[in-house]
Amino acid sequence: MPALKPDATLRAAVDLAREAAESIAESGTVGDHLGMDMVEDRLATHYFTCTAGAYPGWRWAITVARVPRSKTVTVCETNLVPGDGALLSPEWLPYADRLAPGDVGPGDVTPKIDEDPLLVAGFEATGDEDVDQMAQWELGLGRPRVLSAEGREVAAQRWYDGDSGPNSAVAQKAPAPCSSCGFFVPMAGALRDFFGVCASAWSPSDGRVVSLDHGCGAHSEVDMQGPEPEVIAPIVLDDNALERV
């Protein structure tokens, strides 16, 4: 695309552009003239520094124009636009994606994902790839000592009475227990009948020991009723009314 021809008449309209910027800006926030860019033939934008403390790096952008064979310049638009290094608001994140892991609290329920890639059909595999197959006896693995029956009982009671058991606030409001959740990983050994580990990134118990009758709103098989979509009325344009300016 060929470069636009410079327009000396528009380039000279710095004072007109500054006056337009000052008409919309807070007093004293229109700084130095930064230059002009041609937009189209006989259409250009002047830029001024914005000195407002709340808008570092922003610029006042004033678009001016003239008709063919005329030296009269008029103002088309006045805007405040970001420049290099401008302070900007965070990127828009849809409401449906704003729930993050760890946000689920007592009484909260996450929507069910029928085709969740993190879950498979509820059968226990066998063979070399079975990572959940329970050993029939506990190996010491070279350790001098392992938990005794009393040691297991003390630990189990502590877990059951704490935040990992059925009496915590989040468990009391849970729609279903951990034992029926696809993200519940049973423990090996003697504690398998009572406890497992939560593997749901959305759960407040992720990576922690939980009892079979614990629970939270991130249960894999529980759904929630979504809100009705908001109905936005179409825009109405009154082409028959005239506004006197």
Side-chain angles (χ1 to χ4, degrees), residues 1-104 108 110-118 201-202 206 218 224-245:
M1 181 177 179
L4 296 172
K5 181 180 178 181
D7 193 309
T9 302
L10 297 181
R11 186 175 298 277
V14 176
D15 292 340
L16 175 66
R18 179 179 292 277
E19 181 180 350
E22 291 175 344
S23 70
I24 65 167
E26 183 181 356
S27 177
T29 61
V30 180
D32 297 336
H33 182 247
L34 300 175
M36 185 196 79
D37 290 338
M38 293 297 300
V39 180
E40 295 287 350
D41 290 336
R42 298 177 297 279
L43 182 68
T45 300
H46 286 274
Y47 294 97
F48 300 87
T49 302
C50 176
T51 59
Y55 291 91
W58 286 66
R59 304 177 296 171
W60 297 105
I62 312 301
T63 302
V64 295
R66 67 180 181 87
V67 299
R69 295 184 295 278
S70 173
K71 298 296 184 181
T72 301
V73 180
T74 57
V75 175
C76 299
E77 293 182 348
T78 56
N79 295 289
L80 183 62
V81 298
D84 294 337
L87 179 63
L88 301 175
S89 60
E91 184 178 354
W92 168 255
L93 183 65
Y95 288 104
D97 299 331
R98 293 191 177 187
L99 184 66
D103 288 345
V104 178
D108 295 334
T110 58
K112 181 181 179 182
I113 304 176
D114 290 326
E115 301 297 330
D116 194 333
L118 302 180
W202 298 98
D206 181 36
M224 61 174 291
Q225 183 176 0
E228 293 294 329
E230 181 179 0
V231 178
I232 301 177
I235 298 175
V236 177
L237 298 178
D238 188 354
D239 294 334
N240 297 319
L242 296 178
E243 182 179 359
R244 187 180 299 277
V245 295

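Within the 3.5 Å criterion, the main-chain N or O of G31 finds a donor-acceptor partner in the side chain of R18. In this structure, T49 contributes its side chain and L34 its backbone to no donor-acceptor pair below 3.5 Å.
Across all their heavy atoms, A65 and C76 have their closest contact at CB-SG, 3.5 Å. Here the closest non-hydrogen pair linking A25 and V30 is CB-CG2, 3.7 Å. Taking each heavy atom of G28 and T51 in turn, the nearest pair found is O-OG1, 3.0 Å. The heavy-atom pair separating A61 from V81 by the smallest distance is CB-CG2, 3.9 Å. Closest heavy-atom contact between M38 and P6: CG-CA, 4.4 Å. What you find for W58 and P82 is that their closest heavy atoms are CE3-N, 3.4 Å.
For the atom pair CG of D32 and CZ of R59, the computed distance is 13.5 Å after rounding to the nearest 0.5 Å. One distance of note links OG1 of T63 with CG of L43; it measures 6.5 Å at 0.5 Å rounding. The NE2 atom of H33 sits 10.0 Å away from the CD1 atom of I62 when rounded to the nearest 0.5 Å. Note: L10 CG to H46 NE2 = 6.5 Å, rounded to the nearest 0.5 Å. Within the model, atoms CD1 of I24 and CG of N79 stand 7.0 Å from one another, a figure rounded to the nearest 0.5 Å. With rounding to the nearest 0.5 angstrom, the CD atom of E19 is 12.0 Å from the OG1 atom of T78.
Put simply, the side chain of F48 does not reach to within 4.5 Å of the side chain of T29, judged on heavy atoms.
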